[in-house]
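Every chain is numbered from 1 and lettered A, B, ... according to where its sequence line falls, protein lines coming before strand lines.
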Protein chains: 2
Amino acid sequence: MDLREGTNDIESMEGLGMDVERNGSGFEDEKEAGMRQPLLLRKRTMNTTSQIAIVGANVCPIESLDYEIVENDLFKQDWRSRKKVQIFQYIVLKWTLALLIGLATGLVGFFNNLAVENIAGFKLLLTSDLMLKDRFFAAFLAYSGCNLVLAAAAAAICAYIAPAAAGSGIPEVKAYLNGIDAHSILAPSTLFVKIFGSVLGVSAGFVLGKEGPMVHTGACIANLLGQGGSRKYHLTWTWLRYFKNDRDRRDLITCGAAAGVAAAFRAPVGGVLFALEEAASWWRSALLWRTFFTTAVVAVVLRAFIEYCRSGKCGLFGEGGLIMFDLSSTITAYSTPDLVVILVLGVIGGVFGGLYNYLLDRILRTYSIINEKGAPFKILLTITISLLTSCCSYGLPWLARCTPCPADLQDQCPTIGRSGNFKNFQCPPGHYNDLASLFLNTNDDAIRNLFSGNTDNEFHMSTLFIFFTAIYFLGLVTYGVAVPSGLFIPVILAGASYGRIIGTLLGPISDLDTGLFALLGAASFLGGTMRMTVSVCVILLELTNDLLMLPLVMLVLLISKTVADSFNLGVYDQIVKMKGLPYMEAHAEPYMRHLVAGDVVSGPLITFAGVEKVGNIVHALRLTGHNGFPVIDEPPFSDAPELCGLVLRSHLLVLLKGKRFTKERVRTGVGELLQRFGAFDFAKPGSGKGMKFEDLDIQEEEMDMYLDLHPITNTSPYTVVETMSLAKAAVLFRQLGLRHLCVVPKTPGRPPIVGILTRHDFVPEHILGLFPHFNPHK
Amino acid sequence: MDLREGTNDIESMEGLGMDVERNGSGFEDEKEAGMRQPLLLRKRTMNTTSQIAIVGANVCPIESLDYEIVENDLFKQDWRSRKKVQIFQYIVLKWTLALLIGLATGLVGFFNNLAVENIAGFKLLLTSDLMLKDRFFAAFLAYSGCNLVLAAAAAAICAYIAPAAAGSGIPEVKAYLNGIDAHSILAPSTLFVKIFGSVLGVSAGFVLGKEGPMVHTGACIANLLGQGGSRKYHLTWTWLRYFKNDRDRRDLITCGAAAGVAAAFRAPVGGVLFALEEAASWWRSALLWRTFFTTAVVAVVLRAFIEYCRSGKCGLFGEGGLIMFDLSSTITAYSTPDLVVILVLGVIGGVFGGLYNYLLDRILRTYSIINEKGAPFKILLTITISLLTSCCSYGLPWLARCTPCPADLQDQCPTIGRSGNFKNFQCPPGHYNDLASLFLNTNDDAIRNLFSGNTDNEFHMSTLFIFFTAIYFLGLVTYGVAVPSGLFIPVILAGASYGRIIGTLLGPISDLDTGLFALLGAASFLGGTMRMTVSVCVILLELTNDLLMLPLVMLVLLISKTVADSFNLGVYDQIVKMKGLPYMEAHAEPYMRHLVAGDVVSGPLITFAGVEKVGNIVHALRLTGHNGFPVIDEPPFSDAPELCGLVLRSHLLVLLKGKRFTKERVRTGVGELLQRFGAFDFAKPGSGKGMKFEDLDIQEEEMDMYLDLHPITNTSPYTVVETMSLAKAAVLFRQLGLRHLCVVPKTPGRPPIVGILTRHDFVPEHILGLFPHFNPHK
């Protein structure tokens, strides 16, 4: 353990059983330290990033997911006996789950909006009532006090119940769909905190959105439904066993993420495209259809609730509840000068977007130092930001001039009630404060105000400038606090005000409406930070319900994405990287072409014989955290040592628990095994619910008995020859969604397996640690 | 050759060098027949479908595309020397090509519409002028005469210049993107015929669309631009060499297909989704972005042209040119009874859609017998269908009653000119013939009439019923004729009239507008035949410019697709199958789980030594059509025989042409080779442009010299062990887009390669021919 002294927190987690996934790495002796830190021994560099991740400012172990089709004798046997009724059950259940995910996510999405509108609405009404009575300081106290209490509550549940619920959640969902299971990221407690923390956080007036958290919420709901009730009700147990594998779970969670976007933006097509473009790493046509069904259900549910609320039964929940901005009144014919203006808008938007990502990364790294100190510090940070936000929201409008109400106006001016374009604030009757209309509103209403058409002179240049600066920086400092917080809304807000600024400045050149400029500005910022194109475009279209401006939005997005891509990564990719999640890109890195599979793998590794002594298995399971062990058939079971296949840790645990040991070294076969087990006993349980090594209770005398591993050995593992280019091995590994890739020797006469490649062996940090002379930027 | 007697046309093509892609199949002796028909010798069943396809009623050879990264010494050397400027060139060119594809497709799409509107408009004006003068028979003669001439011209260019241009082209593009290159499917002649044949065909009043052909046109344009001018201009040659591989070509053609949809429907997002859902087999995020850019360019180009034409400079091209149906006037609030009605609509639509596919398959099989007889028969068939269509279009409106014009109407009634809802036909002034409004219009205008809102009583029930029946069957009999013909428009037309029928019948239950019912009916038919969901949904939304009815359209699509899926395949999949294109599904068939890779492969196969005698190579190339040969290193170059890699036929031909032979059996290395060749000399040329065996000119004395194959051997071919489950091998093959998959022995002491799996070894017909006891439907 000497080597580990003086290392930081993250590295010192290493010794505590954090290396969930490694095999094929050198462990020269049987000492624990040596086995767990092979890279340390070899090159004195540690591959820490690949085994633990920062989730909600805490480090937690990472497990790889396994999308490979297991083909062992047991499952083949089971497949033969599978009846049509089972396949029918599977299909019915698949669609039922999609339906349930849609219903639940729609419900949660509506509840979220309803709660936010009522809580924030009450707060704003209280403030404006006090303002009307000229009790300005009391109004500030009420406003900031409400914000503070809500913020503290959000931070408290987040810090104490589920730290993983902090932040957007989109990076984690994206990583999960790439095959990285960071602990508790989809746990029920996370779901609970995500829902209520998001409501509290948004109501607290933070510059953050509920859209990112909705995506995470949808994914959590999908995960919960996919494994839900499996212990309690026999019915669900019987049926849901089909979904006890990572492949089906991945599909469900993809549906959930899409449903989340659909619920957040009321954009069913946008939800599907978001899941496709940003979230999912693997995709197939059948999934497109199922995802689409789920988002359609969400749309119907939301619509039904909104119809219900239209009669005023939902308190302060008005039409503003689910954001839907109407731009249809504006003209959308455009000419060449307009295109030039849009070009400028896109380029600057891209620069601002790239800068946003850069600053966010800096701030998140600073915050993580504070957040790591513990829950009280998290709450303190949140309170500080809340106070800052309150001061800005309430203080800055005092800088704005009072504007007389426009003469020919259908709306009320100044606005009575909570939302609306014309907040009275400190102004005399018949006047409005345009900055207060933006600050002292919910974020959704502020966006609606900025997007509204035919309002070219409604907002002053100075107002827009103050608002833009404030929102840009408040959005940055808010994201890292311990509250579920989405990035969409801050970026749209900043972008919309930026767009209006450009629209006002370049108004003489262009004929376009400034409301449209706000939309285009929002698009440019979204393109610059999130680097999504099609999905953002469709989401914006579904929000504004006007398809005619599609080409303009497309152009802006493409320009700003291109500009920002030359600076840095997209914000979600950046967060994935910062959190240390070993995300695998679809393409291999160029330097991998100069390496072969044998270069990054190192032997000897732990292998089992086809019929192995129980003691050896128990010993290997205890000493290592490896999740896959090669099984090698040796004489008398074969003529020469040959690779029989790969056996999974989880399957070994189930088999050991069953205790069908034999005294002699004989093959028992599948038939014997099936008397004790069904194939679904080996199905993979949900994360955290699997059998642990500690659950085993093997007697001393059983240690010398034998266990036939053949029935549970996956006899068709994917293999590569050791001289296979690492780039091509990486493509194979990634495309097929593997967890283990066996490396076999090229020349005969050696042991039949050289090592196992896992996700961690493809992580750039690991490879560049082994071969420091490869410069990834060359 | 005895076995081949008495076989039908398709099979007898087999002997004429049609087996483009086979290796790893038994050829026990050197006789040609034995080598080309291994399956025949083995089981007396032939895998004909996998090697030739019916393209435009002719059989043609199929070649597999190869998406594998070639990693031989030559390319590695080249990669090392590649400079940043080259990578920059590649990126610039990639985007330039995307831009050019967008521009060209937009231009062609506009030209297509312009030509159709003018030709068909002239025809319709002529007819209605004669009608107004009560010269009914002359009107019929003029109408059917115009149709006949246009149809005959379309059929003639199609039959004589490019038979591959017949039909929709979407199945062929889909197959190409799956890795199947049927000869001349993307050739310039096909492009030419596709554009002009489509214009003529649509103008001829056939019940067919220009949408499918536009997709094919887009793909052809992309293919042409990707390899264009490479011989003539030095500049293009230098730059376009980067695109001389199947992977980049595939990306370009995906962009092209998306651009085609975007141009046909003016639906940029729909185009991207279509390419994603229906056309492409492989997809990655970067491609999504590029495709989106291309469709955005198309949208901008189209918009610019339409703006230009708005001032009336484009002849008869009015607003109707590019279909865009405005439904925004209708109300879209819906209640539970509406949902019930929609359920019924969806179910019946699904049944009709499934029936459509079934009947289409029958009719296409019948037509292919006629079409195979030769070009004159193709033209004759087209003329017959044209006459039938003319008779229906002109004759059936006589059955309809004359309706008095509605009193409170903004439009003119009866319509003056060409389009419009109220055709006078034989009616007295002040009356209109509703059936003529549908039949004697372009298909686009007929759809617009059916979709138009607030016209509940405009069309009689009997009218709709006659129109629906006629269109349903005319659409079926038209598709197979030798004219570029899309399926979207006939299906939308039939669906829209069906929807109006249901809307009128169930009007008392539902409050929805019948125009909306027409849209939903069209959606249900599209879902029932094409089985696309998200893309059809988005295309319909972009056509109608109303997002509020999204959930309804989604629901209808999902219901009709589900219903129709229980009957048969989607129409494009069905045509792919009928044409004999060996399409690989993303998932493996269940029976493949019971087989291993070694079961479908059979040895011995032709292998080369690392340094091989020229005579042996020439002999192997002449005798076989194999495209990949394993290279085996033997002593003295290695200790024991070991698999060095795989060498491609095309690379061998280039190497032989270079004639750098040695007298002795020595390794020459890469350096020597690079003096003669650049890496791009080995790049894959466009289809049909590659070097042929006949181009070689090897002297007798050179036959005994040696050639070092190491520099061009792909040293990292993907391999599977012979005991690997066939299902998993198929997944590997499909996911990585391979052309050859090496099967290696499990036990040592045998030759280092057992055989090669190609696309054809995974074709169900082949496997079920070898193992007839597997029932694919079990």
* Side-chain contact, heavy-atom cut-off 4.5 Å: B:Leu276 with A:Leu276? -> yes
* To do: Using atom types as modelled and distance alone, determine if a side-chain donor or acceptor of A:Tyr718 lies under 3.5 Å from a backbone N or O of B:Lys728.
  => yes
* Asked: Which atoms of A:Ala586 come close to chain B, meaning under 4.5 Å heavy atom to heavy atom: side chain ones, backbone ones, both, or neither?
  -> neither
* Could you go through the side-chain contact (heavy atoms from CB on, under 4.5 Å) check for B:Val300 and A:Met554 one step at a time? => CA-CA 10 Å; B:Val300 171; A:Met554 278 174 137; over 6 Å; no
* To do: Tell me, out of A:Ala640, A:Ala296, A:Gly645, who's got the most heavy-atom pairs with chain B below 4.5 Å.
  => A:Ala296
* Interatomic spacing from CZ in A:Phe292 to CD in B:Glu277 - rounded to 0.5 Å -> 8.0 Å
* Any chance you could measure B:Leu552, atom CG, to A:Arg303, atom CZ, to the nearest 0.5 Å? => 7.0 Å
* Structure fact -> Exactly one of B:Leu288, B:Leu273, B:Val272 clears side-chain contact (heavy atoms from CB on, under 4.5 Å) with A:Leu273, and that residue is B:Leu273
* To do: Side chain from CB out, backbone as N, CA, C, O: work out which of these in A:Pro717 comes under 4.5 Å of a heavy atom of chain B, or both, or neither.
  => backbone
* chain B contact via A:Leu732 - side chain, backbone, both or neither, heavy atoms under 4.5 Å -> both
* Do the side chain of A:Thr533 and the main chain of B:Trp289 share a donor and acceptor less than 3.5 angstrom apart? -> no
* For B:Asp633, is it the side chain, the backbone, both or neither that has a heavy atom under 4.5 Å from a heavy atom of chain A? -> neither
* To do: Would you mind checking which part of A:Ser535 comes under 4.5 Å of any heavy atom in chain B, side chain (CB onward), backbone (N, CA, C, O), both or neither?
  => neither
* Structure fact -> Max heavy-atom pairs within cutoff under 4.5 Å with chain A, candidates B:Val298, B:Val534, B:Val731, goes to B:Val534
* Can you tell which part of A:Leu736 gets under 4.5 Å to a heavy atom of chain B, answering side chain, backbone, both or neither? => side chain
* **With sequence neighbours excluded, residues passing ring pair (Phe, Tyr, Trp, His ring centres under 6.0 Å) with B:Phe293** => B:Trp95
* Close side-chain approach of B:Thr719 and A:Val720, heavy atoms under 4.5 Å -> no
* Side chain, backbone, both or neither: which part of A:Glu642 has a heavy atom under 4.5 Å from chain B? -> side chain
* Engaged part of A:Val538 at the chain B interface, taking heavy atoms whose separation is under 4.5 Å -> side chain
* Asked: Is there a donor-acceptor pair under 3.5 Å between the side chain of B:Ser716 and the backbone N or O of A:Ser725?
  -> yes
* Heavy-atom distances under 4.5 Å only: say whether A:Asn714 touches chain B with side chain, backbone, both or neither. => side chain
* **B:Cys644 backbone acceptor or donor facing A:Lys746 side chain under 3.5 Å** => no
